[in-house]
Amino acid sequence: MPSFDTVCDANMVDVKHAVENTVKEITTRFDFKGTPASIELKDKEITVIGDAEFQLTQIEDILRNKLTKRNVDVRFLDMGDVQKIGGDKVKRVIKVRSGIETEVAKKIQRHIKDSKLKVQAAIQEEKVRVTGAKRDDLQAAMALIKKEMTDIPLTFDNFRD
């Protein structure tokens, strides 16, 4: 039975390289000299530290540029709130999305069911597996999912014939 998986996973190698390139640019830029401006990646969380919220915004813009150059969708970034940390420093924790949340998976499943395509969608952990008898139906389901779910970066893998 032909099938494919709908997933939401960023390429963490490219994210790591983008963060490293952002660090290089921060250390060489004149407007960041003598400031506590920094960015680091641990597991799937990026921590940005700066003097003010304006500086955090500048660092995040650099990060977005580096991610875009590496073909990583910036919708993977889940921006946290700005927090004050000692003195005049502020920080923001940015989470890198991984896996499809349950509500989103149910929404995908509902869209497929309402479309009257001859395919079935099953939620499996943090992905949605779509199975059907015909390859054309699966491709129509892919097009439907891309059209309906524009707020999160979904990819399709494990396509089996």
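Computed from heavy atoms alone, side chains included, the values below leave out hydrogens, waters and symmetry copies.
- Each of V93 and I62 belongs to its own hydrophobic cluster when Ile, Leu, Val, Met, Phe, Trp and Tyr are linked at side-chain heavy-atom distances under 4.5 angstrom.
- Between P153 and C8, the closest heavy-atom pair is O-SG, 3.6 Å.
- Atom CG of D61 and atom CD of Q58 lie 8.0 Å apart (nearest 0.5 Å).
- Atom-to-atom distance recorded for E40:CD and I46:CD1 is 10.5 Å, nearest 0.5 angstrom.
- A salt bridge does not link K118 to D137: none of the charged side-chain nitrogens sits closer than 4.0 Å to a carboxylate oxygen.
- Using a 4.5 Å cut-off on side-chain heavy atoms (C-beta onward), K84 and K89 make no contact.
- Closest approach of A141 and V119 over heavy atoms only: CB-CG2, 4.3 Å.
- Using a 4.5 Å heavy-atom threshold, the side chains of H111 and K107 count as touching.
- For the pair I108/L154, a side-chain contact is recorded, criterion being any heavy-atom separation below 4.5 Å from C-beta on.
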Step-by-step side chain to side chain contact (heavy atoms under 4.5 Å, CB included) determination, N71 to D14: CA-CA 8 Å; N71 293 326; D14 284 338; 6.0 Å; no
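- Looking at heavy atoms from C-beta onward, V96 lies in side-chain contact with M12 at the 4.5 angstrom threshold.
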Anything under 3.5 Å between a donor and an acceptor, one on a side chain of residues 76-83, the other on a protein residue two or more places apart or in another chain? List them.
none

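- Using a 30° and 60° split on the angle between ring planes, F156 and F4 fall in the perpendicular class, above 60°.
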Evaluation steps, side chain to side chain contact (heavy atoms under 4.5 Å, CB included), between N21 and R70: CA-CA 11 Å; N21 289 342; R70 295 192 161 276; 3.8 Å; yes
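- We find the CG-CD1 distance between L63 and I39 to be 4.5 Å, quoted to the nearest 0.5 Å.
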Worked check of side chain to side chain contact (heavy atoms under 4.5 Å, CB included) between Q109 and I123: CA-CA 8 Å; Q109 201 174 22; I123 300 170; 3.4 Å; yes
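- Contact annotation: the side chain of V104 approaches that of M149 to within less than 4.5 Å [non-hydrogen atoms, C-beta and beyond].
- Between atom CD1 of residue I59 and atom CZ of residue R92 there is a gap of 11.0 Å, rounded to the nearest 0.5 Å.
- For K16, the side-chain contact (heavy atoms from CB on, under 4.5 Å) test picks out E20, L41, with sequence neighbours left out.
- To the nearest 0.5 angstrom, R110 atom CZ is 9.0 Å from K106 atom NZ.
- Hydrophobic clustering keeps I94 apart from I152 (ILVMFWY residues linked when any side-chain heavy atoms are closer than 4.5 Å, directly or through intermediates).
- L144 and I100 fall within the same hydrophobic cluster, where Ile, Leu, Val, Met, Phe, Trp and Tyr residues are linked whenever their side-chain heavy atoms come under 4.5 Å apart, directly or through other members.
- Between the side chain of N11 and the backbone N or O of V13 there is at least one donor-acceptor pair closer than 3.5 Å.
- Between R75 and D151, the closest side-chain pair of non-hydrogen atoms is not below 4.5 Å.
- Counted within 6.0 Å of CD on Q124, heavy atoms from surrounding residues, nucleotides or ligands total more than 12; the atom is thus considered enclosed.
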Could you list the donor-acceptor pairs under 3.5 angstrom formed by side chains in residues 24-38, with sequence neighbours left out?
| residue | atom | partner | partner atom | Å |
| --- | --- | --- | --- | --- |
| E25 | OE1 | K66 | NZ | 3.0 |
| T27 | OG1 | V23 | O | 3.3 |
| T27 | OG1 | K24 | O | 2.8 |
| T28 | OG1 | K24 | O | 3.2 |
| T28 | OG1 | E25 | O | 3.1 |
| R29 | NE | D31 | OD1 | 3.1 |
| R29 | NH2 | D31 | OD2 | 2.8 |
| K33 | NZ | T27 | O | 3.0 |
| T35 | OG1 | F32 | O | 2.7 |
| T35 | OG1 | Q55 | NE2 | 3.3 |

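- The nearest pair of heavy atoms linking L138 to S3 is CD1-N, 3.6 Å.
- Within the 4.5 Å cutoff, no side-chain heavy atoms of V90 are placed close to those of I49.
- Rounded to the nearest 0.5 Å, atoms CG (N158) and CZ (R129) are 5.5 Å apart.
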